[in-house]
Amino acid sequence: SGTGAIIGSYVAPKSVWLHAMKGKGLEISGTFARRSGAVFMDLQFTNRALQVMSDFAIQFNRNSFGLAPAAPLQILTPLAPNQSTEVSLPLNTVGSVMKMEPLNNLQVAVKNNIDVFYFSVVYPLHILFVEDGKMERQMFLATWKDIPNENEAQFQVRDCPPSPDAVSNKLQASNVFTVARRTVEGQDMLYQSIKLTNGIWLLAELRMQPGSPSCAVSLKCRAPEVSPFIFQAIEMVLKN
Amino acid sequence: ELDDGLDEAFSRLAESRTNP
């Protein structure tokens, strides 16, 4: 996709999470990434105040998937006025769990020598799609049958990649695995599996009409409240 | 390749979804 992009899970561009106005001059931009099986919060800190900033630290509130910093925030030198620094904070998913609204909401506290600042961000769920998420075919069929119809959610993605191969490859780079593929009456059907860091499995059926840029996505999950967020992540991956 | 019946099972699933 983007220039110089490495192959891997899709990473959205950084956006401003803490505006300087609310951070007494501290501006924080960030995004979430999954690289080599690990989750990162990629951050940029900018000092827009007139004084030097130092003594940075970060903490998360309890959240739906137990996301927590896996190491202290490494900003080792003070940040002079108008200076920026980038830092990649490794995360794990063994923190305290509390169901958030929305499910992918994360409350963050950052402190420096001036004050403590709080902000909320939402993370795309595909950062939690694990590398061993390809379900065995037999297990897929049994699970698909076993999950009741009322746990199935249906969505549409417009502006999909133009072929089932392109869709499958793009999704696989973000750990959405194609378990089987069929063509029925000219429609391409992809059966896919996703496993989240907390062990929840998602089963997906993607249906594409040749020549149509849209794709019908059906999701089956034993925890159906996650399906809308899985769909958002799939849509984000397919459109980028 | 061993025919384990799963190919056929996926075909039936896809057909049932297209023509419920």
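Below, chain A is the first sequence line, B the second, and so on; all start at residue 1. Hydrogens, waters and symmetry mates play no part in the numbers below; they use all other heavy atoms, side chains included.
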_Restricting to non-hydrogen atoms, name the atom on Leu6(B) and the atom on Gln138(A) that form the minimum distance, rounded to 0.1 Å._
CD1-N, 3.8 Å
*Heavy-atom closest contact (Arg207(A) atom, Thr18(B) atom, distance)*: NH1-CA, 4.2 Å
*Taking the side chain as every heavy atom from C-beta outward, state whether Arg182(A) and Glu15(B) have any atom pair closer than 4.5 Å.*
no
*State, yes or no, whether a side-chain contact exists between Phe10(B) and Val179(A) at a heavy-atom distance under 4.5 Å.*
yes
*With a cut-off of 6.0 Å (strictly less than), are more than 12 heavy atoms of other residues, nucleotides or ligands near CD of Glu131(A)?*
yes
*Flag if over 12 foreign heavy atoms under 6.0 Å of CD, Gln156(A)*: yes
*Can you tell me if NZ on Lys99(A) sees more than 12 non-hydrogen neighbours from other groups inside 6.0 Å?*
no
_Once rounded to the nearest 0.5 Å, what's the spacing between atom OH of Tyr191(A) and atom CG of Leu13(B)?_
4.0 Å
*Would you check if there is a donor-acceptor pair between the side chains of Ser218(A) and Arg17(B) at a distance under 3.5 Å?*
yes
